[in-house]
Amino acid sequence: MSLARVASIAGIGATEFSKDSGRSELRLAAEAAVAALHDAGLHPADVDGMVTFTQDTNAEIAVAREIGAGALRFFSRVDYGGGAACGTIAQAAMAVATGQAEVVVAYRAFNERSGRRFGQVAPGALRAPTSQGLEMSWHVPFGLLTPAGWVAMFARRYMDTYGATSTDFGRVAVAARRHAATNPNAWFHGRPITLEDHQSSRWVVEPLRLFDCCQESDGGVAVVVTSTKRARHLRQPPAVIAAAAQGSAPGQMMMTSYYSTHPGSSHSTDSCSPHSCSTRSPDPADDMAGLPAMGIVAEGLWRGSGLKPRDIQTAVLYDHFTPFVLVQLEELGFCGRGEARDLVAEGGVELGGRLPVNTHGGQLGEAYIHGMNGIAEAVRQVRGTAANQVDEVTNVLVTAGTGVPTSGLILSRD
């Protein structure tokens, strides 16, 4: 059974994005959910399904209770941090397509700045007698303690393999902040940066500077999924789910997938050119400078939708760290292997470029809500209501967290 175009996003809602929300994570989740339902023109009593992240502290039954939802017939959670973002929509769409539920709310809400900060070390995780404790025992004792450290090691390999520089990473940050500067909802609204600002910012973990790392944010985002048939009769035009995919590579680990491989590596990347690749299958020797899990997601999106990179007008790529934006462009087939830095340098990912990326400012510029705010931006681009609207948008590609088991979506006009 194909999910293509069966379900749609009918509503989006969010709280303000801040550094200190001053209220509980449960309240943030409820506020976002109510706003999304209002946007869709639905009543809380219409809700019979909920999906969130395993990391979310807000129980489905608690959010349902707070908003006055009806009986729940479907509830689910997706693991692996930010890699879950698009997976929540995939599971909601599957529930709708199979009749498990009719109106599903996917949500993520946290006080990531004023509450638990993900960039800090969790010393207890190493000692836990769990699969996570076992995995972390391979790198934590040797000083790889935080996501920034894990990604820095990857970034160094990518630089060595393809000749990328800190300046190439900086151009991603500058583009994001330029887009955020004209987005009234962005934390960095009105505050663009220059490449010189990036290059003079402090090191976090070399080769990552401060502006290579996404911000810490408080806030909540919710998305309402229902059947495309029903969505056509609601308040907003549907953002049709043309494809949804999840992916985890052989040998996958959390944020340190240095040794994961692309399954079925068979064709040379030499055959790829901008907007012409449908899959990424590099030489296994290059896997340490690639994101195999995102390659698997890319294959699922192109196969599921019947579309190709040239059919995408704008993309929202998960940008917790700037180097991974470059690699995603390559894994998704928007350019050849090692060519992303040239695409970015020529302004290709900015407004007016051949593939505007993160038009809301991304998690570097708008807010870090584990990728759910990126899904909302994709919906706005499909509706034609984005602050930085791209002309004649028909299809938008969205990705979730990278370096981890991940997910992606293609949203389309009806």
Side-chain angles (χ1 to χ4, degrees), residues 3-17 31-43 46 85-86 88-90 92-93 96 103-108 179-180 182-186 189 219-244 301 305 307 311-318 351-352 355-363 365-367 369 371-400 408-414:
L3 281 181
R5 309 188 75 83
V6 175
S8 293
I9 294 176
I12 53 176
T15 66
E16 83 288 356
F17 304 133
E31 287 182 9
V34 169
L37 290 164
H38 177 75
D39 181 60
L42 290 167
H43 190 275
D46 295 320
C86 297
T88 65
I89 308 304
V96 169
V103 175
V104 182
V105 174
Y107 63 90
R108 179 73 174 113
H179 296 165
T182 50
N183 171 13
N185 294 322
H189 177 235
V221 174
V223 174
V224 177
V225 176
T226 189
S227 69
T228 299
K229 182 178 180 180
R230 183 170 183 174
R232 288 175 178 139
H233 300 284
L234 296 178
R235 182 172 290 160
Q236 303 286 354
V240 177
I241 300 170
L301 293 178
S305 66
L307 300 171
D311 299 315
I312 304 298
Q313 289 77 45
T314 180
V316 183
L317 304 183
Y318 200 93
L351 293 170
L355 182 73
V357 169
N358 295 345
T359 49
H360 58 320
Q363 299 184 108
E366 186 185 62
I369 312 294
M372 293 298 280
N373 52 320
I375 297 170
E377 172 65 5
V379 172
R380 288 190 290 268
Q381 286 289 345
V382 168
R383 290 178 179 176
T385 60
N388 297 311
Q389 182 65 43
V390 175
D391 293 337
E392 300 180 355
V393 170
T394 302
N395 304 301
V396 183
L397 188 147
V398 192
T399 62
L409 296 170
I410 294 178
L411 302 181
S412 303
R413 284 184 182 273
D414 192 15

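Not measured: the values here are computed from a predicted model.
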Euclidean distance, [Y] [atom2] relative to [X] [atom1], rounded to 0.5 Å:
X	Y	atom1	atom2	answer
T359	N183	OG1	CG	8.5 Å
L409	I89	CG	CD1	6.5 Å
I312	S412	CD1	OG	7.0 Å
I241	S227	CD1	OG	10.5 Å
T228	R5	OG1	CZ	7.5 Å
R413	N395	CZ	CG	10.0 Å

Note, [X] side chain near [Y] side chain (heavy atom, < 4.5 Å):
X	Y	value
V316	I375	no
L37	V105	yes
T314	V357	no
L397	L317	yes
D311	T394	no
V103	R230	yes

Hits for salt bridge (Lys or Arg N to Asp or Glu O under 4.0 Å) against R235, two or more places apart or cross-chain, chain-then-number order -> none

Set of residues satisfying side chain to side chain donor-acceptor pair (under 3.5 Å) with respect to [X], sequence neighbours excluded:
X	result
D46	none
T385	none
Q313	none
R380	E377

For [X] against [Y], the heavy-atom pair lying closest together:
X	Y	value
A244	A90	CB-CB, 3.7 Å
V396	Q381	CG2-CB, 4.0 Å
V104	A92	CG1-CB, 3.6 Å
A367	F17	CB-CG, 3.4 Å
R383	D39	NH2-OD2, 2.7 Å
A378	L411	CB-CD1, 3.8 Å

Looking at H38, I want to see if its NE2 is surrounded by more than 12 non-hydrogen atoms of other residues, nucleotides or ligands under 6.0 Å. no

Short question: side chain of [X], backbone of [Y] - any donor-acceptor pair under 3.5 Å?
X	Y	result
T15	G220	yes
D414	R232	no
Q363	G371	yes

How would you list, by chain and number, every residue that makes a side chain to side chain contact (heavy atoms under 4.5 Å, CB included) with A231, sequence neighbours excluded?
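Only S8, A10, T226, P238 meet the side chain to side chain contact (heavy atoms under 4.5 Å, CB included) criterion with A231.
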
